[in-house]
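Just below is one structure, and these are the notes that go with it.
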Amino acid sequence: MKIALCQIDIRWKNPAANMARLEELFDTFEGVDLALLPEMFATGYAVDSGSVAEPEGGEVAQWMSRTAERYDMAVVGSVATAVKGKIYNRMYVALPDGQLLCYDKRHLFTFAGEHNHFSPGAERIVVEWRGAKIMPLVCYDMRFPVWSYLPGEVDVLLYCASWAASRVRAWDALLPARAIENSAYAVGVNRVGSDADGTLFNGHSAAWDYRGACLADAGEGEGAVFAELNIERLHNYRQRFPAWADADKFTLK
């Protein structure tokens, strides 16, 4: 599976410009199975969600579906989405056949006041795509290992993020940790540039394998880097080293 890590400087509350920039990147791709985009890629991380939230199946979600079909790849990223009077930081997984699956961010970033505007999600999802079992997660979720923990049941963890440069050391440490503890690939895409409030983002989008080896590192520039994930090799590794089988059993509430 070939994944494109799309690290962009998001134009503040300008979906048209951000989607156009991503299409420029997509036009350069060859043989990509999945494109991973940053958190709230169409608008920037605007916690005043009422000003950017769209309804279910709104303009940005429709663009993701059209784009997935056009480029024959999954398109994954989060969008502020209004549902029955509540607003979610919703991570969509758009597939070329028209399926639009979604995961709502569980852990809201109270430090930035996200909990005052968004509602938390309640369920994890696992999506099967081109031979891989994929779990989508959003930014702050990475700090909570129990929520990301499905050893032996998921092949790829995908994190979309707007992770500030001032805390990027935590990002660099946690992403490979999530891979190792799950015996899975972990792929995270962060943005670059700055938000309207001056918060700086310096990327560090990366893909890590199940042993803690870095497969791709976007550094701090804008653009796309690619990671090749070998799912068969992952499954063979799990058979040889079945640490996942010794995992503690618990139930999330």
Q) So, Tyr210 versus Tyr185, ring centres under 6.0 angstrom or not? A) yes
Would you say the side-chain atoms of [X] pair up with the backbone N or O of [Y], donor to acceptor, closer than 3.5 Å?
| X | Y | value |
| --- | --- | --- |
| Ser148 | Pro145 | no |
| Arg238 | Ser183 | yes |
| Asn182 | Leu150 | yes |
| Ser162 | Tyr45 | no |
| Glu153 | Val126 | no |
| Arg106 | Gly121 | yes |
| Arg124 | Trp147 | yes |
| Asp197 | Thr199 | yes |
| Glu222 | Gln7 | no |
| Asp195 | Gly198 | no |

Q. Knowing that exactly one of Asp48, Thr43, Asn18 qualifies, which makes a side chain to side chain donor-acceptor pair (under 3.5 Å) with Lys13?
A.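 Only one of Asp48, Thr43, Asn18 forms a side chain to side chain donor-acceptor pair (under 3.5 Å) with Lys13, namely Asp48.
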Could you tell me whether the side chain of [Y] reaches within less than 4.5 Å of the side chain of [X], counting heavy atoms only?
| X | Y | value |
| --- | --- | --- |
| Val32 | Ile3 | no |
| Glu39 | Lys105 | yes |
| Ile87 | His117 | no |
| Asp209 | Tyr237 | no |
| Val47 | Asn116 | no |
| Val189 | Leu37 | no |

Q) After noting the C-alpha distance and the side-chain angles of Val79 and Met91, does the key distance pass the side chain to side chain contact (heavy atoms under 4.5 Å, CB included) rule? A) CA-CA 6 Å; Val79 182; Met91 191 171 182; over 6 Å; no
In terms of side-chain heavy atoms, does [X] have a donor or acceptor partner in [Y] at a distance below 3.5 Å?
| X | Y | result |
| --- | --- | --- |
| Tyr103 | Asn89 | no |
| Trp63 | Glu23 | yes |
| Asn190 | Ser205 | no |
| Asn230 | Glu232 | no |

Can [Y] be reached from [X] by stepping across I, L, V, M, F, W or Y side chains whose heavy atoms are under 4.5 Å apart?
| X | Y | answer |
| --- | --- | --- |
| Ile125 | Leu137 | yes |
| Leu34 | Val225 | yes |
| Val192 | Met40 | no |
| Tyr92 | Phe118 | no |
| Val156 | Val93 | yes |

(Q) For a quick test of reading the model, state the closest non-hydrogen atom pair linking Tyr88 to Pro120 and the distance between them. (A)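 Reported closest heavy-atom pair: CE2-O, 3.7 Å.
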Q. Do you know the tightest heavy-atom contact between Asp9 and Ser194?
A.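 Between these two residues, the closest heavy atoms are OD1-N, 4.1 Å.
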Q: For the pair Arg90 and Asp104, evaluate salt bridge (Lys or Arg N to Asp or Glu O under 4.0 Å) and give the outcome as yes or no after the intermediate values.
A: CA-CA 4 Å; Arg90 175 160 288 184; Asp104 295 326; 2.7 Å; yes
**Q.** Identified ring-ring contact (aromatic ring centres under 6.0 Å, His included) counterpart of Phe109 within the set Tyr140, Phe144, Trp163
**A.** Tyr140
Q) Can you tell which of Ile134, Leu36, Leu101 makes a side-chain contact (heavy atoms from CB on, under 4.5 Å) with Val76? A) Leu36
Quick one: [atom1] on [X] to [atom2] on [Y], what's the gap to the nearest 0.5 Å?
| X | Y | atom1 | atom2 | result |
| --- | --- | --- | --- | --- |
| Cys102 | Glu123 | SG | CD | 10.0 Å |
| Leu175 | Tyr159 | CG | OH | 7.5 Å |
| Met1 | Met73 | CE | CE | 12.5 Å |
| Met135 | Leu157 | CE | CG | 4.5 Å |
| Leu100 | Glu56 | CG | CD | 9.5 Å |
| Arg167 | Asp172 | CZ | CG | 13.5 Å |

Q. Does the side chain to side chain donor-acceptor pair (under 3.5 Å) test come out yes or no for Asp27 and Tyr71, once each step is laid out?
A. CA-CA 8 Å; Asp27 284 340; Tyr71 294 95; 2.6 Å; yes
Q: Show your working on side chain to side chain contact (heavy atoms under 4.5 Å, CB included) between Leu95 and Trp129 and close with a plain yes or no.
A: CA-CA 8 Å; Leu95 301 180; Trp129 174 239; 3.8 Å; yes
Q.
Ring-plane angle category for Phe26 and Phe29, please: parallel below 30°, perpendicular beyond 60°, tilted otherwise.
A.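 Correct class here is tilted.
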Taking only Lys NZ, Arg NE, NH1 and NH2, and the carboxylate oxygens of Asp or Glu, determine whether [X] and [Y] approach each other closer than 4.0 Å.
| X | Y | answer |
| --- | --- | --- |
| Asp141 | Arg178 | no |
| Arg130 | Asp33 | yes |
| Arg21 | Glu24 | yes |

Q. Has Asp248 got more than 12 heavy atoms of other residues, nucleotides or ligands less than 6.0 Å from its CG?
A. no
Q: I would like to know whether Glu30 and Lys2 meet salt bridge (Lys or Arg N to Asp or Glu O under 4.0 Å); could you show each step before the answer?
A: CA-CA 9 Å; Glu30 292 184 6; Lys2 184 177 181 179; over 6 Å; no
